[in-house]
Amino acid sequence: MNHSPRPAPPGSRRWDVVGVGDVDVDMFLEVPALAGRDEKVPARLLGEHPGGMIANVTCAVSVLGGSAAMVGRVGTDAYGEIAVRGLSDLGVDTSLVTVVAGGRTFYCVIMLDGSGEKALTAVLTDCHWPGRGDVDPEWFADTRAVHLAGDHLDLATWVGREARERGALVSLDLEAATAAHGLPALRPLLGDTDVLFMNHAGSRLLHDDPERAVRLAHALGPRVVVVTLGASGVLASDSVDFVRVEALQGPVVDTTGAGDAFIGAFLSQLLAAHGVEQASRYAVAAATASIRAVGARNALPGHQAVLELFDRTRATHVRRGDT
């Protein structure tokens, strides 16, 4: 297994984290129940809030005291203004966001049925994801870490390679949409990834057993591997520790963006030279706090709010076994 990531020292680069990916607006609808096939249900508009899974991570990093920038695309429509303002209001540098004249900003329709869980429809537009022409690889020489997703695999693979060559730690969010590319296509990107985050659906790319998936992921290149398992907690591993952190119980209003809050918090701790046990417990606390309001960012906690939950988190060590 590779050694743990060694990011550039604090203050040595302009940003702690640069996100490359989606910037959007989420339209939230309250429904009595999710509609079935050929069924109509009434809905109440709860609000339109800035979002995007990569953009949310940069916001979490910023709210927790780090410096972050976003590389993405928005249009010149009203949603584009909301999306960019939503980043800058939380301290994220938006100077790397491309504004496309006449473009339509990516948006999602999110339905909440009172349980706190959601059904989400992503409305893809010409501004869903940045292209290579929107990215200057030299930006990566000014950041300690680059966070991305593999939905657009060619772009992600190129960004991962360019970031790695410039000494930036590479962080990847691997959900089902990325896993759908298949392991052979993902191998080059995984080989350039230092920190790999997978939800349970994404981890099935490697194995149905999450613990086995963690071990197999290390063999592909990532030095830190994290699998989020919802109510079953989190698995996290590096060259020193392999831990399971229990989920925290608490009020659930909206789970949108909880995984992004987790990733932002985890990266902030990793960049502060903490190990996976500390980073995982801190990230679980941050994600728990983040679900107390509608919208991915409306309950993002600062450092002190995370510490108030941190002592409630519990970690146990997992026997590594054989890979």
Side-chain angles (χ1 to χ4, degrees), residues 2 4-23 52-62 64 66-73 87 91-98 128-175 177-178 186-198 202 217 220-226 238 259-273 279 283:
N2 295 324
S4 296
R6 292 190 181 131
S12 62
R13 297 190 173 194
R14 180 177 179 184
W15 304 292
D16 293 315
V17 176
V18 167
V20 181
D22 57 330
V23 185
M53 61 182 184
I54 303 300
N56 293 337
V57 170
T58 64
C59 289
V61 169
S62 180
L64 289 168
S67 56
M70 184 67 206
V71 180
R73 286 168 66 99
L87 291 166
V92 175
D93 186 344
T94 61
S95 64
L96 311 184
V97 174
T98 298
H128 177 220
W129 219 259
R132 285 200 189 191
D134 302 316
V135 182
D136 181 349
E138 292 308 315
W139 292 337
F140 306 143
D142 269 341
T143 185
R144 301 173 69 205
V146 172
H147 180 64
L148 46 88
D151 299 46
H152 294 252
L153 185 56
D154 288 345
L155 175 72
T157 303
W158 175 71
V159 167
R161 182 175 66 249
E162 296 291 335
R164 202 83 179 288
E165 288 178 354
R166 288 162 176 80
L169 180 149
V170 176
S171 166
L172 174 66
D173 186 355
L174 196 160
E175 295 186 332
T178 298
L186 285 166
R187 281 183 181 274
L189 174 57
L190 291 170
D192 281 329
T193 296
D194 296 293
V195 187
L196 176 63
F197 296 95
M198 299 182 284
L220 295 170
R223 306 170 188 183
V224 170
V225 179
V226 182
D238 64 5
D260 307 328
F262 178 96
I263 290 173
F266 190 100
L267 288 176
S268 73
Q269 291 292 286
L270 204 64
L271 291 171

> When rounded to the nearest 0.5 angstrom, what is the spacing between CG in Leu190 and CG in Leu220?
Replying inline: 5.5 Å
>> Looking at every heavy atom in both Val23 and Gly72, which two are closest together, and how far apart are they?
In response: CG2-CA, 4.2 Å
> Judged by atom type as modelled, is there a donor-acceptor pair below 3.5 Å linking the side chain of Asp22 to the main-chain atoms of Ile54?
Replying inline: yes
>> Treating Arg161 as the side-chain partner and Pro188 as the backbone partner, does any N or O pair qualify as donor plus acceptor under 3.5 Å?
In response: no
> Between Leu189 and Leu148, which heavy-atom pair has the shortest distance, and what is it?
Replying inline: CD1-CD1, 4.3 Å
> Among pairs that include at least one residue of residues 141-159, which meet salt bridge (charged side-chain N to carboxylate O under 4.0 Å, His left out), considering only residues two or more places apart or in two chains?
Replying inline: Asp16-Arg144
> Taking all non-hydrogen atoms of both residues, which atom of Val226 and which atom of Val224 are closest, and how far apart?
Replying inline: CG2-CG1, 4.1 Å
> Nearest 0.5 Å, what's the CD-CG distance between Glu162 and Asp192?
Replying inline: 10.0 Å
> Given the rule in the side-chain contact (heavy atoms from CB on, under 4.5 Å) test, do Val195 and His147 qualify, once you have shown the distances and angles that lead to the verdict?
Replying inline: CA-CA 9 Å; Val195 187; His147 180 64; over 6 Å; no
> Can any side-chain N or O of Asp173 pair as donor or acceptor with the backbone N or O of Ala149 at less than 3.5 Å?
Replying inline: no
> How far apart are the closest heavy atoms of Asp260 and Ala60, and which atoms are they?
Replying inline: O-CB, 4.3 Å
> Which heavy atom in Ala55 sits nearest to a heavy atom in Thr58, and how many Å separate them?
Replying inline: O-OG1, 2.7 Å
> Are Thr98 and Pro130 close enough that some pair of their side-chain heavy atoms sits under 4.5 Å apart?
Replying inline: no
> If you round to the nearest 0.5 Å, how far is CZ of Arg166 from CZ of Arg13?
Replying inline: 10.0 Å
> What is the distance from atom CG of Leu96 to atom OG1 of Thr143, rounded to the nearest 0.5 Å?
Replying inline: 9.5 Å
>> Can you classify the ring geometry of Phe262 versus Phe197 as parallel (below 30°), tilted (30 to 60°) or perpendicular (above 60°)?
In response: perpendicular
>> Test your reading of the model: is there a side-chain donor-acceptor pair from Ser62 to the backbone of Cys59, 3.5 Å cut-off?
In response: no
>> By the definition side-chain contact (heavy atoms from CB on, under 4.5 Å), identify the one residue from Thr193, Asp194, Leu196 that meets it with Arg223.
In response: Asp194
> Could you state the interatomic distance from CG (Leu267) to CG (Leu169), rounded to the nearest 0.5 Å?
Replying inline: 7.5 Å
>> Ignoring hydrogens, what is the shortest heavy-atom contact between Val146 and Ala163? Give both atom names and the distance.
In response: CG2-CB, 3.8 Å
> Atom CG of Asp93 and atom CE of Met70: how far apart are they, to the nearest 0.5 Å?
Replying inline: 12.0 Å
> Hey, are the side chains of Trp139 and Val20 touching, using non-hydrogen atoms and a 4.5 Å cut-off?
Replying inline: no
